[in-house]
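Notes follow the structure.
When reading the values below, keep in mind they use all heavy atoms of this one structure, side chains included, and skip hydrogens, waters and symmetry mates. Counting convention: from 1, in listed order, for ligands and their atoms alike. Given the structure is predicted, the values throughout are model-derived calculations rather than measurements. All residue numbers refer to positions in the sequence shown, counting from 1.
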Amino acid sequence: MNKYDVLIIGAGIAGLYAALQLPKSKKVLVVCKDIPWECNTFYAQGGMVTALNEADIALHVEDTMAAGSYHNNKEAVEILSRTSLETTADIIQRGMEFDKDSQGNLLYTKEAAHSVARIIHAGGDATGRYLHYFMMVQNMHHLQKNTLVYDLLIENGRCYGVKATVNYEPTAIYADDVIIASGGIGSLYAYNTNSRTVSADIHGICVEKGIELADMEFMQFHPTVFVKTPFARKLLLTEALRGEGAHVVDKEGRRFLFDYDERGELAGRDIVARGIFDYKRQTGEEAYLDFSMFEESWFRERFPNITRTFGALGYRFPQDRVPISPAFHYANGGIKSDTHGCIEGVEGLYVIGEAARTGVHGANRLASNSLLEGVVFAKRATAHLLAKSKKEGRIPKFDKDYGNILHKENDKMYKQRLRQVMWDDVGIIRTAKGLHEAKNLIYDMKNKEIGRLLKLRLNTASAIVDAALARKESLGSHYIES
Ligand code: SIN
């Protein structure tokens, strides 16, 4: 029998950092749906927040709470900030190289809604890629790719493992503890910055099992994304660009964001995204990110990844400006957990990283708190797990299997329809009418001949729409027009 001490679903920063905390003596399996670098961590650009020192904790907490419209769980935010001192030191001590100045001091950058520069980065604008590579190299446990989880094996309030296809073959994987680190819900939206693997399957399973999703109305849209590409994942232009001084302009070069907020480009992410969306909607004109204030060699060195990626599309920086749109970026809500990643009512099941809703982000996540969230709550969940006494017992028989009905013929068409309605009606600016239309469409699709994976996406989409309908007033990234 395929039985492990710990099964970790997901090989992004949360999953890998959890694996690093577990001793070699434990039988641990990390699984990912596709290749390991197809995860949101890999595509993270700007950096990772760290409190600068003890004195900065209160300010970091306040910035996080203000960005989250004070809808945050303050205890979780304090844990996030305080623990960052330990986790950042640990990652550096293990050998991770963040960018430094010529004297060997860490370089900190600033992003929207941070009061001070406290974001560390690597490879200029390739922080996620560097961190992911580093953690992959550090990981001493078995990592199994091409493993698509389609069911959680739960009976009488205990999780015993999962059912998954491994290289397309349905199988059961049993474990004493399962850690969900599967990321968010990007594939539900027509425009998104996420890896194609991030498709809300595990959220959908949770809905089916009666596990609570919380704060699902708070979906975060990144303001500056290049969406004119045929690929599902749209190209992020990091917040750090604006943090370093890039401007958002109209075709005449006017910085129109000051019409929306006196902080202009450095207002909170929800405000900037809404401003750009509204400007484009009202005027029918493009909005651009303008880099003309930067010196060429400095820009190339500070943003090598963006220089290269956009260079391949014909853009030359700093002279060329890029047309931008907001796009879905991050799920502030998720599978409800406490600050140890425990899921109420299910023993042996944890959730960490973007998949989780600890309340740390409130109604809108502060820029670059996400990589930090991954490591902090991975550390706490694994500490909790290791401190427990082991429960022996018989594994029940789980006969029900969906392995041969994961996909059905028309799923692709319905998925496209879902992505469009989520973008149009459950996006940056919502109306009650649009939300009701989305609800009906999702309901209709659920009653079609569809595969299990689409059904799971629809479960998650329903949770978002229902939460958005339930919140009548705008708050943070949930904005409803009457
Ligand atoms: C970015 O680099 O703009 C993304 C950072 C984040 O999502 O916090």
Side-chain angles (χ1 to χ4, degrees), residues 12-14 39-50 60 63-64 67-68 72 77 80-81 84 98-99 107-114 117-132 183-186 189 191-195 198 218-227 233-246 248 265-273 276 289 291 302-307 309-310 322 324-332 334 353-355 360-376 476-477:
I13 192 167
C39 62
N40 282 348
T41 298
F42 185 82
Y43 295 109
Q45 296 179 352
M48 181 170 75
V49 169
T50 185
H60 176 215
D63 287 350
T64 301
N72 321 54
V77 182
L80 179 82
S81 188
S84 75
F98 289 100
D99 294 338
L107 285 169
Y108 296 94
T109 195
K110 193 172 171 194
E111 294 179 5
H114 283 271
R118 60 162 80 88
I119 297 162
I120 48 177
H121 46 88
D125 54 354
T127 311
R129 191 172 301 196
Y130 277 56
L131 257 176
H132 190 258
I185 62 105
Y189 281 91
Y191 293 140
N192 74 77
T193 62
N194 288 192
S195 162
V198 178
F218 301 118
M219 293 294 130
Q220 183 168 76
F221 298 85
H222 196 287
T224 56
V225 182
F226 180 73
V227 298
R233 182 178 63 80
K234 306 303 178 194
L235 300 178
L236 185 68
L237 288 145
T238 173
E239 292 262 358
L241 288 158
R242 279 173 288 130
E244 298 283 359
V248 172
E265 287 88 355
L266 294 182
R269 190 173 278 186
D270 54 335
I271 297 166
V272 177
I276 295 171
L289 202 53
F291 311 123
R302 177 67 183 84
F303 298 107
N305 175 35
I306 288 175
T307 304
T309 308
F310 282 80
V322 184
I324 49 169
S325 162
F328 170 83
H329 185 56
Y330 187 88
N332 296 312
E354 187 179 349
V360 83
H361 304 306
N364 177 46
R365 176 173 63 80
L366 181 67
S368 285
N369 264 347
S370 53
L371 293 175
L372 176 61
E373 170 191 32
V375 295
V376 164
S477 56

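- For the residue pair N72 and T64, no side-chain donor N or O sits within less than 3.5 Å of a side-chain acceptor on the partner.
- Ligand 1 is approached by R365 to a heavy-atom distance shorter than 4.0 Å.
- The T238 neighbourhood of ligand 1 comprises atoms 1 (C), 2 (O), 3 (O), with distances under 4.0 Å to a heavy atom of that residue.
- E244 and T109 share a donor-acceptor pair across their side chains, judged by distance under 3.5 Å alone.
- For F226 and F310, the distance between ring centers is under 6.0 angstrom.
- Below 4.0 Å from some heavy atom of H222 lie the following atoms of ligand 1, by number and element: 1 (C), 3 (O), 4 (C).
- Ring-plane geometry between F42 and H132 is classed as perpendicular, the angle between the planes exceeding 60 degrees on a 0 to 90 degree scale with a lower cut at 30.
- Relative ring orientation between H114 and H60 is described as parallel, the plane-to-plane angle staying below 30° on a 0-90° scale split at 30° and 60°.
- Residue A367 approaches ligand 1 through these ligand atoms, each under 4.0 Å from one of its heavy atoms: 8 (O).
- Ranking the protein heavy atoms by distance from atom 8 (O) of ligand 1 puts S368 N, 2.5 Å first.
- No donor-acceptor pair closer than 3.5 Å links the side chain of N364 to the backbone N or O of G476.
- Which parts of ligand 1 touch E239 is read off a 4.0 Å heavy-atom cut-off, strictly below it: atoms 1 (C), 2 (O), 3 (O).
- Shortest contact from atom 6 (C) of ligand 1 to any protein heavy atom: R269 NH2, 3.1 Å.
- Remark: side-chain polar atoms of N332 are not paired, donor with acceptor, to backbone N or O of H361 under 3.5 angstrom.
- Residue H329 approaches ligand 1 through these ligand atoms, each under 4.0 Å from one of its heavy atoms: 4 (C), 6 (C), 7 (O).
- Residue-ligand proximity, G46 to ligand 1, at heavy-atom distances under 4.0 Å covers atoms 2 (O).
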